[in-house]
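Below is one structure, written out as structure tokens; comments come after it.
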Amino acid sequence: QVQLQESGPGLVKPSETLSLTCAVSGYSISSGYFWGWIRQPPGTGLEWIAIINHSGSTYYNPSLKSPVTISVDTSKNQFSLKLSSVTATDTAVYYCARKALTSHAFDYWGQGTLVTVSS
Amino acid sequence: EIMMTQSPATLSVSPGDRATLSCRASQTISNNLAWYQHRPGQAPRLLIYGASTRATGISARFSGSGSGTEFTLTISSLQSEDFALYYCQHYINWPLTFGGGTKVEIK
């Protein structure tokens with residue numbers, strides 16, 4: 001059974017960097033698929049942030065105001081997200097998820113982690 | 001960027017009734033569309049991909065249809081666990097985008 005688990009600080013100060021990690025179990029990231037981050041700000045819908053595959057190819061949502069970096073560590077079977085210079089608008093529940101190769105949809109998701117940007 | 005518009009924003013349905021949710025893409029996406037169910041405090045769950053193919057383990061109560069720019073998710077005979085938020089999402093190109101969601105609530 002594929003499982004994803006987000007981890008990271010729940011509170012980040014404005015202008016600082018938000019860093020999250022998604023640990024994957026039940027499947028080896030190096031075997032394939034795309035691995036992504038999606039967020040849900042309070043009271044709004046889902047927003048795709050970024051995605052990476054096992055070989056390091058990346059795609060980003062150009063709509064995000066804060067600079068974004070996604071990376072993968074196949075040795076630890078995890079991938080990470082960094083948002084720089086965050087503002088209050090980056091407050092959201094952040095989900096990591098796997099994008100399937102056959103269906104092309106996000107078939108496995110983490111439970112999500114709330115990150116609040118506040119001083 | 002392809003915009004996904006869902007309607008209605010809220011749908012009030014009685015248990016046992018049918019719910020019909022709509023999703024419109026701002027340009028053609030063929031059948032590159034997924035539907036997700038999102039219950040509060042839980043991870044979103046993939047229901048439908050390819051516009052009409054049910055994901056593994058998804059009840060036959062859920063069905064998807066459409067192609068091009070107009071799509072529909074139908075939930076027949078609503079059960080208590082079906083009252084939730086539903087999102088559509090295209091995956092034809094980058095950036096991936098979601099619709100604003102439809103909340104299915106108990107009437």
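Here is the naming used below: chain letters follow the sequence lines, and residue numbers restart at 1 for every chain. Atoms considered below: every heavy atom in the structure, side chains included; atoms not considered: hydrogens, waters and symmetry mates. Note that the structure is predicted; figures quoted are calculated from it, not measured.
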(message) Return the OH to OG1 distance between Tyr49(B) and Thr102(A), rounded to the nearest 0.5 Å.
(response) 6.0 Å
(message) Distance check, rounded to the nearest 0.5 Å: Leu85(B) atom CG versus Leu46(A) atom CG?
(response) 8.5 Å
(request) Evaluate the ring planes of Phe98(B) and Phe106(A), with Trp represented by its six-membered ring, and classify them as parallel (under 30°), tilted (30 to 60°) or perpendicular (over 60°). (result) parallel
(message) Please tell me whether Tyr60(A) and Trp94(B) form a close aromatic pair, meaning their ring centres lie under 6.0 Å apart.
(response) no
(message) Starting from Val72(A), can I reach Trp109(A) by hopping between I/L/V/M/F/W/Y residues whose side chains sit under 4.5 Å apart?
(response) no
(message) Please determine whether residues Leu11(A) and Leu83(A) belong to a single hydrophobic cluster, defined as Ile, Leu, Val, Met, Phe, Trp and Tyr linked transitively by side-chain heavy-atom distances below 4.5 Å.
(response) no
(request) Compare all side-chain heavy atoms of Pro95(B) with those of Ser63(A) and state whether any distance is below 4.5 angstrom. (result) no
(request) Can you see which heavy atom on Gln111(A) is nearest to which on Gln42(B), and at what distance? (result) OE1-CA, 4.1 Å
(request) Is it possible for you to say whether Leu78(B) and Tyr36(B) belong to one hydrophobic cluster, with membership spreading through side-chain heavy-atom contacts below 4.5 Å? (result) no
(request) Could you have a look at Leu114(A), Val93(A), Ile51(A), Leu4(A) and say which one has the most heavy-atom pairs with chain B under 4.5 angstrom? (result) Ile51(A)
(message) What's the separation between atom CD in Gln89(B) and atom NZ in Lys99(A), rounded to the nearest 0.5 Å?
(response) 7.5 Å
(message) Same cluster or not: Val13(B) versus Tyr86(B), using hydrophobic residues (I, L, V, M, F, W, Y) connected whenever any side-chain heavy atoms lie under 4.5 Å apart?
(response) yes
(request) Name, in order of residue number, those residues of residues 19-34 of chain A that have a heavy atom at a distance of less than 4.5 Å from a heavy atom in chain B; otherwise write 'none'. (result) none
(request) Apply side-chain contact (heavy atoms from CB on, under 4.5 Å) to the pair Tyr108(A) and Arg45(B), showing each step before the final yes or no. (result) CA-CA 8 Å; Tyr108(A) 287 96; Arg45(B) 180 172 69 142; over 6 Å; no
(request) Say whether Leu21(B) and Tyr87(B) are linked into one hydrophobic cluster, either directly or through other cluster members, by side-chain heavy-atom distances under 4.5 angstrom. (result) no
(message) So for Ala34(B), is it side chain, backbone, both, or neither that comes closer than 4.5 Å to the heavy atoms of chain A?
(response) side chain
(request) Please indicate whether Arg39(B) has more than 12 foreign heavy atoms, meaning atoms of other residues, nucleotides or ligands, lying under 6.0 Å from its CZ. (result) yes
(message) Counting only non-hydrogen atoms closer than 4.5 Å, does Gln6(B) touch chain A with its backbone (N, CA, C, O), its side chain (CB onward), both, or neither?
(response) neither
(message) Quick check: closest heavy atoms across Tyr95(A) and Ala43(B), and the distance to 0.1 Å?
(response) CE2-CA, 4.1 Å
(message) Using 0.5 Å steps for rounding, measure from the OG atom of Ser103(A) to the CG atom of Asn32(B).
(response) 11.0 Å
